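Take a look at the structure below.
Only a predicted model underlies this, so the values are computations on that prediction, with no experimental measurement involved. Chain naming here is simple, since letters A, B, ... match the order of the sequence lines and numbering starts at 1 in each.
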Amino acid sequence: MTSAPEHTLAAPRRLGRDALPHETVALARALIGKTLVHEAPEGRMSVRIVETEAYPVGDAAGHAFIGQTRRNASLFRAFGHAYVYLGYGVSWLLNVSSESHGVGAGVLLRAGEPIEGVDIMMRRRGRGRLAELTSGPGKLCMAMDVDKRLDGADFFDGGPLWLGEAVRPAGDIGVSVRIGITKDAERPLRFYERGNPFVSGPRKLSP
DNA sequence: AGTGCGATTGACT
DNA sequence: GTCAATCGCACTA
């Protein structure tokens, strides 16, 4: 054999806590192209992050804006913890806590490009098109088996949910307003990889 | 104890 | 394109 099996090409190394910027908006941008991995009981799944949204300190649209509560407590944990909550009573949504302990801010992971465990994710999502497997925050969590159990998990403590180096460098990064919010709606805090078919939302917002 | 509301999705016209 | 589903949580009383 002259070439390695495809799955070995896709295995990234774990990123350390200080390999990413702790400031919220910088983190949202830096996460584009990085790998999100979940080593779940049913198998290992990973995606290349292609869309994020920043919810910085003092942002009226952020869940931390009202202060720390039971629901948003994970946003106030140290940099690099998972904040998972149920949106619209229907979908789980995954964030990475940013800044430092006691400061409520985070980055929403909105979409990924499937890399490993595509068969597992397709099964979890039911029959559907590959283009819609992980092209939205709720779809991403459904596919990767992320739910309330992972709320508060540390991305950098060697656990099953972690962030890895980029399998392929990020391309041109677009910026737009965030999707589906009404407060502080005009702020350009959504980041996505231009031209990537797995980015969510209206084409209008992702030229 | 009751009320209102989403950082969404998928089904349907 | 429109719109209902669905429920944990924060808030009011």
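As the counterpart of C:dA4, B:dT9 is assigned, both hydrogen-bonding distances of the Watson-Crick or G-U wobble pattern falling under 3.5 Å. The partner of B:dA1 is C:dT12, judged by Watson-Crick or G-U wobble contacts that both fall below 3.5 Å.
DNA chain B is contacted by A:I179, A:G180 of residues 173-180 of chain A, taking any non-hydrogen atom closer than 4.0 Å.
For the residue pair A:S98 and A:T24, the shortest heavy atom distance occurs at OG-OG1, 2.7 Å. Nearest heavy-atom pair, A:A54 versus A:A28, reported as atom, atom and distance to 0.1 Å: CB-CB, 3.8 Å.
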List every contact pair, protein side and nucleotides 3-9 of chain C side both N or O, where the distance is under 3.5 Å.
{"from": "C:dT6", "atom 1": "O2", "to": "A:Y88", "atom 2": "O", "distance (Å)": "2.4"}

I'd like to know whether A:H38 forms a side-chain contact (heavy atoms from CB on, under 4.5 Å) with A:L150, so could you lay out the CA-CA distance, the side-chain angles of the two residues, the decisive distance to 0.1 Å, and finally the verdict.
CA-CA 10 Å; A:H38 186 199; A:L150 288 167; 3.8 Å; yes

Please lay out, stage by stage, how A:E132 and A:R125 fare under the test salt bridge (charged side-chain N to carboxylate O under 4.0 Å, His left out).
CA-CA 9 Å; A:E132 283 155 26; A:R125 289 270 293 137; 5.8 Å; no

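Here A:N196 contributes atom CG and A:E113 contributes atom CD; the two are 5.0 Å apart, rounded to the nearest 0.5 Å.
Tested against A:E51, the residues A:R29, A:R190, A:R178, A:K139 include a single salt bridge (Lys or Arg N to Asp or Glu O under 4.0 Å) partner, A:R190.
Contact annotation for A:I181: backbone-only contact, meaning every heavy-atom pair under 4.0 Å involves sugar-phosphate atoms and none involves a base. Within 4.0 Å of A:R125, counting heavy atoms only, lie sugar-phosphate atoms of the nucleic acid but no base atom.
In summary, the aromatic rings of A:Y85 and A:H63 are positioned with their centroids under 6.0 Å apart.
The span of DNA chain B lying next to chain A, judged by atoms under 4.0 Å from heavy atoms, is bounded 5' to 3' by B:dG6 to B:dG10.
A donor-acceptor contact closer than 3.5 angstrom is absent between the side chains of A:S97 and A:R77. If you check the side chains of A:R48 and A:T35, you find no donor sitting under 3.5 Å from an acceptor.
Within 6.0 Å of NZ on A:K183 lie no more than 12 heavy atoms contributed by other residues, nucleotides or ligands.
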